[in-house]
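Have a look at the structure below, then the notes.
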Amino acid sequence: LLLTTIQKMRPPVFLCVLLCLSAAAGPVAGADRSCSDLRQFYTGKGFTLVEVPQTEISGEHLRMCPQGPTCCTSTMEENLGGLSARETEGLIREAGRSLQSAFNALHRSFDTYFTELHGRSERSLPEALSPLGALYSQNTRLYGDLYTDLRQYYRGSALNLDETLSEFWSRLLERTFKISAPSEVSKEDYLECVAKQQETLRPFGDVPRDMKAKLIRAFVTARSFVQGLIVSGEVVRKVSQVHLSPECMKALMKLVYCPHCHGIASVKPCSNYCSNVMKGCLANQADLDPEWQNIIDTMIQVASSFSTEPSLDVVLSSIPARIYEAVHFLQENMDTFTTKVYQTCGTPGEPGTGSPTLHEQRKKSGSLTASEYKPSPTAGLRLEMQVSDLSSKLREMRQYWTQLPVALCSKLAAGGAGQDKCWNGITKARYLPEVMGDGLANQINNPEVELDITKPDMTIRQQIMQLKIMSNRLKNALEGNDVDFQDASDDISGSGSGMCVGGLCPRNRPGLYAYSPDNNRVRGTATSQTPICGLLLLLPLTILLLQR
């Protein structure tokens, strides 16, 4: 009947009906959408077009993307899933390299400043000590060795700074006494006895004790500060190389490339959706945050201490003046000191008149003391600028680990105005779930990334421990404690077990989690078997007793 009716129609009407029927028949016949855009995108990512469909196929095979008409095969889904993980890992490493570069720049800046300060102080030795005559000219190596030891300590050498400075003053006492006393006291054993009087008789007055306290504080804080910068940079490097989990790879694929598979490549992910994915993927990294903020805050405190009176530049620059002041004090009181030495070490001969040159130097020497030393205004301004620059740049790094998901999503997600028409993981619409908190424990209800919160990443836990150890070193340094000569076991548990030596702990030491929660069942079984074994052992003994 339909055919007869059509045949009776006039040609224009006939054509019109045919067009309407063909238009109506389109959806029924299933004229599939072309996959040309995805094919071009896919090859642009470096993949081949083998088995890539020309038009949409049914999506029952999809495991990461929502099922439905798609241009992606299972192989394409796997390839793009792996690519999304690699690209995200690349972004994390890139952000990490940027932060490492910032730490390296801070280290270079401070190291340059400190070594120049140290060098200028050493170069001022001839001018400050030449009035001492032979005591300086014949013992230049003694003063040079002091600066070498200080430089090596700053560079990380295992020197005991307290002992190093005590030895310097003992050797200087020997040289000074040898020049001013009779020739009979030049014997090695006698001079050794004289050197031992350094602590008890205090021949240099209060200078050695005061100078030692200030130098130790200055060098301990400076060395700990540069170590803190190095350790922090290393933590960033190691953590930034941690691979993302398979669960994270699936979530990233769904976030980044599933819109391409479903023909809505131009639609960006919702920002809250992206946040949940990144917070899940970077949950272990976010657990660094408390110790990270702790070490940054402590380094800022250490940097601020450099300008606390006496400031770092004053302590280093006044070393030659303090040495001169100490020797001048001894020269002025040499007769009294010599008498006390003879009482302790014995009288080698009648006291002579001493060195004529030395007596002449006593007359010529002024009353220069370290308290009169004033650094140039330029030096003080440079230190102030150095501390300000260090502190401000460290503050910028303080929230790095919790801001990392935000930084990554700023490159991937839709802006604030597009939150109603963004990719929510299923379709183009608003994302409704709430945003998770930071850290592993807060991901228990993350709707986007499946995580076992009982199994933290052990590489990251080790780095958290490194930050904790370094923070404790820095806090000790603020108090002037030479941390490399303390038992650092308190850095971890406060048990004093001695497992950490010299501030370093074995790499295989258990972290915050001593064993996996999965072991609970095994441990419980072992515990329950213990009483049974005990009963079986007692049974033969009971039988023997009954037989008797």
Side-chain angles (χ1 to χ4, degrees), residues 106-107 109-132 136 143-155 159 161-162 164-166 168-169 172 204-226 228-229 299-329 365-391 474 476-482:
L106 288 180
H107 178 259
S109 175
F110 179 77
D111 185 63
T112 300
Y113 169 77
F114 189 84
T115 51
E116 285 180 0
L117 196 62
H118 183 278
R120 280 199 304 272
S121 177
E122 185 173 12
R123 288 191 295 274
S124 69
L125 276 171
E127 182 182 353
L129 300 185
S130 57
L132 299 179
Y136 172 69
Y143 307 106
D145 285 348
L146 172 63
Y147 277 88
T148 300
D149 288 341
L150 291 173
R151 186 183 298 108
Q152 287 179 348
Y153 176 84
Y154 167 71
R155 293 291 181 208
L159 286 171
L161 209 50
D162 189 290
T164 299
L165 291 168
S166 294
F168 166 76
W169 290 110
L172 182 59
F204 296 113
D206 292 329
V207 173
R209 187 174 299 177
D210 181 61
M211 183 176 161
K212 180 188 290 185
K214 290 173 181 175
L215 273 179
I216 287 177
R217 175 182 170 272
F219 275 84
V220 166
T221 51
R223 179 164 91 158
S224 297
F225 184 74
V226 294
L229 293 173
M299 281 196 286
I300 291 171
Q301 288 179 359
V302 172
S304 298
S305 75
F306 296 146
S307 55
T308 303
E309 293 297 332
S311 60
L312 191 65
D313 57 337
V314 170
V315 172
L316 265 70
S317 301
S318 63
I319 293 173
R322 298 308 309 269
I323 293 173
Y324 178 85
E325 178 187 359
V327 174
H328 183 70
F329 179 88
S365 61
S367 57
L368 174 67
T369 64
S371 60
E372 294 172 352
Y373 171 79
K374 298 290 182 185
S376 67
T378 313
L381 181 61
R382 188 179 176 193
L383 175 61
E384 188 178 330
M385 291 174 62
Q386 183 76 28
V387 170
S388 176
D389 186 56
L390 290 169
S391 300
L474 287 161
N476 273 299
L478 279 170
E479 298 175 6
N481 295 329
D482 195 346

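Residues take their numbers from the sequence shown, with the count starting at 1. Values below: all heavy atoms of this structure, side chains included; hydrogens, waters and symmetry mates excluded. What you see is a predicted model, and the numbers here were worked out from it, not measured in a lab.
Rounding to the nearest 0.5 Å gives a distance of 10.5 Å between CD1 of Ile319 and CZ of Arg322. Once rounded to the nearest 0.5 Å, the distance linking CD of Glu122 with CG of Leu316 reads 11.0 Å. The line from CG of Leu132 to CD1 of Ile323 is 9.5 Å long, rounded to the nearest 0.5 Å. Interatomic distance, CG of Asp149 versus CZ of Arg151, reported as 10.0 Å (0.5 Å rounding). To the nearest 0.5 angstrom, Arg123 atom CZ is 11.0 Å from His118 atom NE2. Taking OH from Tyr324 and OG from Ser318, the interatomic distance works out to 15.5 Å, rounded to the nearest 0.5 Å.
Among Tyr154, Phe114, Phe219, Phe306, the single residue meeting the ring-ring contact (aromatic ring centres under 6.0 Å, His included) criterion with Phe225 is Phe306. For the side chain to side chain contact (heavy atoms under 4.5 Å, CB included) with Leu215, the lone residue among Met211, Arg217, Lys212 that qualifies is Met211.
Using modelled atom types, no side-chain atom of Ser388 and backbone atom of Glu384 make a donor-acceptor pair closer than 3.5 Å. In this structure a side-chain-to-backbone donor-acceptor pair under 3.5 Å is present from Ser304 to Ile300. Proximity of a side-chain donor or acceptor of Thr115 to a complementary backbone N or O of Thr112 within less than 3.5 Å is detected.
In this structure, Leu165 and Ile216 have side chains that are in contact, with non-hydrogen atoms separated by less than 4.5 Å. Looking at heavy atoms from C-beta onward, Val220 lies out of side-chain contact with Asn481 at the 4.5 angstrom threshold. Residues Tyr136 and Pro126 form a side-chain contact, since some pair of their non-hydrogen atoms from C-beta on lies under 4.5 Å apart. You'll find the side chain of Tyr153 stays beyond 4.5 Å of the side chain of Thr164, heavy atoms only.
The two atoms that bring Leu129 and Pro320 nearest to each other are CD2-O, 3.6 Å, heavy atoms only. Contact detail for Ala477 and Thr221: the closest heavy-atom pair is O-CG2, 3.2 Å. Listed here is the closest heavy atom pair of Val315 and Ala218: CG1-CB, 4.0 Å. When all heavy atoms of Leu383 and Leu312 are compared, the pair lying nearest together is CD2-N, 4.1 Å. Listed here is the closest heavy atom pair of Phe204 and Ala326: CD2-O, 3.2 Å. When all heavy atoms of Gly228 and Met299 are compared, the pair lying nearest together is C-SD, 3.6 Å.
Ring centroid separation for the pair Tyr147 and Phe168 does not come in under the 6.0 Å cut-off.
Using cut-offs of 30° and 60° for the angle between ring planes, the Phe110 and Tyr113 rings count as tilted.
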